[in-house]
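Numbered from 1 within each chain, the chains take letters A, B, ... in sequence-line order. These numbers come from the heavy atoms of this one structure, side chains and all, not from hydrogens, waters or symmetry mates.
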Amino acid sequence: MTTDLAEYRSGVRAWLADADIPTVPLDLDERFDVLRDWQRVLFEAGGLGISWSKEAGGQGLSHLHQLAFAEELAYARAPMPIGLIGLDVVGPSIDEFGQQWQREELLPKLLSGEHIWCQGFSEPGAGSDLASLRTRAVLDGDEFVISGQKVWTSWAHKAQWCALLVRTDPAAHKHAGISYLLVDMSTPGITPKPLEQMTGDREFCEVFFDEVRVPRRNLVGELNGGWAVATHTLGIERAAYTLRRRVDYEIAFEDAVAALRDHGLPAPETGLGRRVRIAIGKAHVALKVLGAQTQKTVARLAAGEVPTPEDSVDKLLLNEVEQIIFGEIAELLGPYRAVEESRPLGLASDRWAHDHLYSRATSIYGGTSQIQRNIISERLLGLPRG
Amino acid sequence: MFTLYGRYLVPGPLLENSLLPAVLAADAPETARAVFKAAMSGDGQLALVDPHAAGDWDGGSITVRNGRLFGRCHLVRFGGDATQLVVVSDDQQLWLVDPHAGGLEMIQTDANADPLSSFASVGLDGVAGTPLADPSAAPRLIEEIRSWVRTLVACELSGIATHCVRTTIDYAKEREQFGRPIGSYQAIKHIIADMHVHAASVRNLCDSVLADTVNSGAPTAVDAAVLKAHASKVVVEVCQDAIQVHGGIGFTAEVDLHWFYKRALALRPWYGDTRALEEMVGAAALAQTTEHASTTKAV
């Protein structure tokens, strides 16, 4: 594959035009299987780990190539692969901080989808204040013995591996006593339990660890140096996520406009006609605002200026834009929102009601909007700490 | 430039004097070109007589009969000071009109709430005008003028927001209550963080729309409407937040915030407020298929 971005993009587009793009089933188990097969297809086509080093099984190209690929996938209405947590977060962490054996043995299977990864960071008592996590890992000879509980662990019940943040030095200052461990999910003592979300999906889990024994060689980075590993990749993840979500919103917006147009617009002079124009106008403005913002994000990514407190500006705006777009579209469902499988104004009630509900999560996960505002005001604008 | 005008609240018909010659001079007749050249070098002032400036409100109506102009435009910025008028008639034609021409009535308003402009109402009763463009080219030029006005007004609003955020940060670091700077309280911090995010979003959108004009020469009608819809909404909110964080002093004329706020409120409805422009953008989106935006193309 060529490294010229425009040529690379058209190469991806040509490949996707001939690819057998799967339809994503609604059922969660079926969805998982389909998207895992899709991951293997993408892997074999060289479409995964694009910005990773070749030694790690990647393509050795830039983040912009990675982004171009993700955009083309979305424009082709092709789904993302299932193992995003591994691809976006865990893989790059292992590539940057991991040991040789971890890179060689774990990364190829992570890329191909043979191993699905989950990420055990948050805990019932450690959400916004992640560094206060209490899941303990005690060294016993050549093994860590882990006990505790994690939550919001996506796909834990389906994953083969987990990247886990654990407390290895309870006496140290809270950020300084944390380590980053790789845990085989088939190890005895691990119990994942799916949580049902308000959307009806069940991809989040609670995960219980009861004296789980993990070899010391599964440590990533230094002992008690886990915070640096975890935060390093968060910046890249955040920027990549922002860019990918923008494309998702654009696709959603286009789908909504196409549905409204195919169905036939309400008469322009009616109240409903005006509402449709204003709702679509608001959504379009929001989309453009995010588009202009992400041009700056791409420039930062290209210059290697991540992570920075600017990422928090992106995240706040991303959340706001998602909530405006899906809020405006869902409002056009009117009372038919409550009627499953109805199509008011041509809009599929189930899809838009689902996406609207999901948009409530965006200002909570990955650091709530309140946490982002603290970061912006203190680290970017220099306001005094409270 | 216009973001700087906003930051420092620079008064005067800057928009009219720089924009109208830039868009119109190339295709204008010889006599008009001399007028534009003079206006650009500060010798003479132009005013734009366009009933469309009032947005959803009644801005008047100007018709053409036997080559003469009839009707009224209720709101003309700097109309009273103008040495020449550029008139937009309802049939989408452009005219250069002498404010002292026979049949023209200029009524200057005594006072107004926009600190940086004066307004006049212009009545036309059989006024002679010089056509400024070929009849087939005029509609495109009018759209270009309106798009540029929206874009440059948005840039000015962006400058206002930048000033308000800066001033508010400085104030929140200095002003103490309960023994500490008010900027150390989360309730204040979060307002300021949002002000910053929103001001930055307007700046970025201005940059993006202006960057696109490097190749195209002018912003598209939709891009300009999107930009001004966003700027009008967000910048007024930023001004309001600035006043809130300043507390009592923010409501007084002792600090200069009120000038910025009044200017933002005056610019908000000019050539369409947020609601009107959102509706226009929505109608355009529903009428045509859009091109995919690529974030990487911009690099």
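In this structure, A/R275 places its CZ atom where only 12 or fewer heavy-atom neighbours from other residues, nucleotides or ligands lie under 6.0 Å away. The 12-atom threshold is not exceeded at CD of B/E254, counting heavy atoms of other residues, nucleotides or ligands nearer than 6.0 Å. Counting non-hydrogen atoms of other residues, nucleotides and ligands closer than 6.0 Å to OH of B/Y185 gives a total above 12. Around CZ of B/F251, the count of heavy atoms belonging to other residues, nucleotides or ligands within 6.0 Å does not exceed 12.
When side chains are defined from C-beta on, A/E310 does not count as touching A/K296, because their heavy atoms never get closer than 4.5 Å. The shortest side-chain heavy-atom distance between A/E320 and A/V289 does not fall under the 4.5 Å cut-off. Contact annotation: the side chain of B/H196 approaches that of A/V313 to within less than 4.5 Å [non-hydrogen atoms, C-beta and beyond].
Under a 3.5 Å cut-off, the side chain of B/S208 and the backbone N or O of B/N204 do not form any donor-acceptor pair.
The interface of residues 232-246 of chain B with chain A, defined by heavy-atom distances below 4.5 Å, is empty. Listed in order of number, the residues of residues 376-386 of chain A that approach chain B to under 4.5 Å between heavy atoms are A/I376, A/S377, A/E378, A/L380, A/L381, A/G382, A/L383, A/P384, A/R385, A/G386. Of all residues in residues 264-283 of chain B, those placing a non-hydrogen atom less than 4.5 angstrom from a non-hydrogen atom of chain A are B/R275, B/E278, B/E279, B/V281, B/G282, B/A283.
When heavy atoms are compared at a cutoff of 4.5 Å, A/Q372 does not approach chain B at all. Heavy atoms of A/K282 lying under 4.5 Å from chain B belong to its backbone as well as its side chain. Both the backbone and the side chain of A/R274 come within contact range of chain B, each with at least one heavy atom under 4.5 Å from a heavy atom of that chain.
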Apply side chain to side chain donor-acceptor pair (under 3.5 Å) to the pair B/H198 and B/S201, showing each step before the final yes or no.
CA-CA 5 Å; B/H198 289 137; B/S201 75; 5.9 Å; no
Mind running side chain to side chain donor-acceptor pair (under 3.5 Å) on A/Q370 and A/S128 for me, showing each step along the way?
CA-CA 9 Å; A/Q370 287 67 38; A/S128 290; over 6 Å; no
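Salt bridge status for A/K288 with B/D223: present, with a side-chain N to carboxylate O gap under 4.0 Å. Using a 4.0 Å cut-off between a side-chain N of Lys or Arg and a carboxylate O of Asp or Glu, B/D170 and B/R166 qualify as a salt bridge.
Residues forming a ring pair (Phe, Tyr, Trp, His ring centres under 6.0 Å) with B/H190 (at least two apart in sequence, or on another chain): none.
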